[in-house]
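Input: a single structure, listed below in structure tokens.
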Amino acid sequence: MFAGGAVGNLVAIVVLSVSRQDRKSSAFYALVCGLAVTDLLGTCLASPLTIANFLDARVLQQPRLCEFHSFLLLFFGLTGLSIICAMAAERYLAICCPYAHERWRVNRRFAQKFLLSVYLSHTLFCGLPAMGMSRSALQRSGTWCFIDRGRRAPVAAAYSALYGAGSLLLILGTIVLNLAVCGALLLMRRRTARRPPGRASVRQRWRALSSAAETQMIAVLVTTSVVVLACSAPLVVCLFTSLMGDQDPDADLAAIRIASVNPILDPWIYILLRRSLFRRLLRLRRGRRSPPRSHVFPHLVSTANISCPPRSRASRPQDLRTET
């Protein structure tokens with residue numbers, strides 16, 4: 001899993017870095033690249049500790065390493081959700097509020113500043129347990145550390161509730177923004193189809209409206225959102241169930257295993273849904289829908305090369321008038 005996450009994210013970063021210049025300047029692809037870098041850092045920092053703990057079970061029993069491992073899980077889990085929500089918000093502004101998107105200058109530099117602010121704020125927030133607001137503890141399986149949710153101290157319970165509520169708000173915000181983007185695209189398509197046909201056909205106008213680049217961005221956003229939310233939601237559910245006094249170590253272990261699959265799946269979405277491959281898939285789909293004309297009108301093709309005999313002079317209209 002460590003090798004798959006590291007190699008996949010490295011390949012995804014290379015694929016994003018060699019893309020066209022106009023794509024590099026967009027805020028969406030800056031956020032995608034930031035998510036790939038975040039997944040790569042999370043894999044390279046957290047996985048070696050887990051592997052070392054499997055070789056020697058006393059590794060995570062050290063308090064400092066246990067706190068650091070808990071910080072990594074808290075930080076990269078919350079940061080991934082924040083970047084996904086930012087990607088959905090950027091697409092919502094670009095499609096539903098284009099004037100605000102242009103007025104606020106949501107470009108690559110804006111996305112880089114946002115990523116820096118996310119890293120700094122989440123570092124401070126996820127470092128609060130190490131500062132005494134809560135306590136990190138080795139979980140019952142002995143293979144990972146997380147905040148101690150069994151403590152009944154009000155401050156520790158408040159931090160767990162705050163972390164779970166923040167994660168839940170990011171998940172709900174991503175879902176709502178994605179639904180709004182997809183609904184806006186469907187509404188635009190319906191309005192375009194209802195317009196009276198002019199010089200360009202309905203299919204040509206809709207194809208110009210939903211270009212390959214725009215459709216590819218939506219495909220990357222929706223697919224990545226589904227993967228991230230599906231991998232992060234079980235751990236958030238375990239946080240709330242532990243606050244209500246129902247803590248299941250087996251469910252917690254399953255949730256963290258599902259969350260660890262997320263940085264392995266994310267990069268392959270960028271690799272498989274890159275623009276060149278996406279265009280090929282669209283062309284292949286259109287080619288299957290529209291059969292060749294020779295199959296539809298074979299008689300036109302068969303008679304196209306048949307030469308007609310020349311007309312006689314008597315059959316021409318002016319010669320007929322002369323004869324009469």
Side-chain angles (χ1 to χ4, degrees), residues 12-13 15-39 41 75-126 162 165-192 206 208-229 232 266 269-270 273-275 278:
I13 293 173
V15 169
L16 292 171
S17 62
V18 299
S19 58
R20 294 175 54 183
Q21 189 64 31
D22 55 346
R23 294 174 60 192
K24 290 182 182 179
S25 61
S26 64
F28 182 82
Y29 280 97
L31 293 173
V32 171
C33 189
L35 184 60
V37 173
T38 302
D39 289 338
L41 290 176
F75 175 80
F76 288 106
L78 191 63
T79 303
L81 289 176
S82 300
I83 297 177
I84 284 293
C85 188
M87 291 166 57
E90 192 276 336
R91 284 295 87 197
Y92 175 80
L93 287 176
I95 294 176
C96 302
C97 306
Y99 295 106
H101 188 277
E102 184 67 23
R103 184 172 63 251
W104 294 343
R105 296 181 181 179
V106 183
N107 50 18
R108 181 183 179 182
R109 183 172 297 180
F110 182 90
Q112 290 174 347
K113 292 180 180 178
F114 173 80
L115 290 173
L116 181 60
S117 64
V118 166
Y119 292 151
L120 293 177
S121 60
H122 288 12
T123 299
L124 178 62
F125 178 71
C126 297
L162 187 60
S167 302
L168 182 61
L169 287 177
L170 290 173
I171 290 174
L172 294 178
T174 303
I175 294 175
V176 170
L177 289 171
N178 282 334
L179 290 177
V181 169
C182 295
L185 288 178
L186 291 177
L187 184 61
M188 291 164 66
R189 181 176 183 177
R190 182 175 298 179
R191 289 177 179 176
T192 306
W206 170 243
L209 180 65
S210 58
S211 61
E214 197 75 25
T215 308
Q216 185 227 6
M217 288 184 183
I218 301 301
V220 171
L221 172 63
V222 173
T223 309
T224 309
S225 300
V226 169
V227 171
V228 173
L229 298 183
S232 304
D266 279 347
I269 298 174
Y270 324 138
L273 292 182
R274 63 186 186 274
R275 190 169 178 178
F278 197 78

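Identified under the salt bridge (charged side-chain N to carboxylate O under 4.0 Å, His left out) test for residues 93-107, with sequence neighbours left out: none. Sorted by first and then second residue, the side chain to side chain donor-acceptor pair (under 3.5 Å) pairs with a member in residues 76-92 read Ser82-His122, Glu90-His101, Arg91-Glu214; sequence neighbours excluded. Screening residues 170-180 for salt bridge (charged side-chain N to carboxylate O under 4.0 Å, His left out) gives no qualifying pairs among residues at least two apart or on separate chains.
Remark: Ser225 engages Asn178 in a side chain to side chain donor-acceptor pair (under 3.5 Å) (not counting sequence neighbours). A search for side chain to side chain contact (heavy atoms under 4.5 Å, CB included) contacts involving Leu229 returns Leu81, Ile171, Thr174, Ile175, not counting sequence neighbours. Remark: Thr123 pairs with Phe71, Phe75 by the side chain to side chain contact (heavy atoms under 4.5 Å, CB included) rule, at least two apart or across chains.
When all heavy atoms of Gly173 and Cys85 are compared, the closest pair comes out as C-SG, 4.3 Å. Summarising the geometry of Leu221 relative to Ala88, their closest heavy-atom pair is CD1-N, 3.7 Å, with the distance given to 0.1 Å. When all heavy atoms of Phe110 and Trp104 are compared, the closest pair comes out as CD1-O, 4.2 Å. Nearest heavy-atom pair, Ala184 versus Ile95, reported as atom, atom and distance to 0.1 Å: CB-CG2, 4.3 Å.
Side-chain contact check for Leu16 versus Tyr29: some heavy-atom pair is nearer than 4.5 Å. Counting only heavy atoms from C-beta outward, the side chains of Tyr270 and Thr224 approach each other to under 4.5 Å.
Evaluated for a side-chain contact (heavy atoms from CB on, under 4.5 Å) with Ile83, the options Leu115, Leu170, Leu78 yield exactly one hit, Leu115.
Annotation: the span from Leu172 atom CG to Ser167 atom OG amounts to 11.0 Å, rounded to 0.5 Å. Rounding to the nearest 0.5 Å gives a distance of 10.0 Å between OG1 of Thr38 and CG of Leu31.
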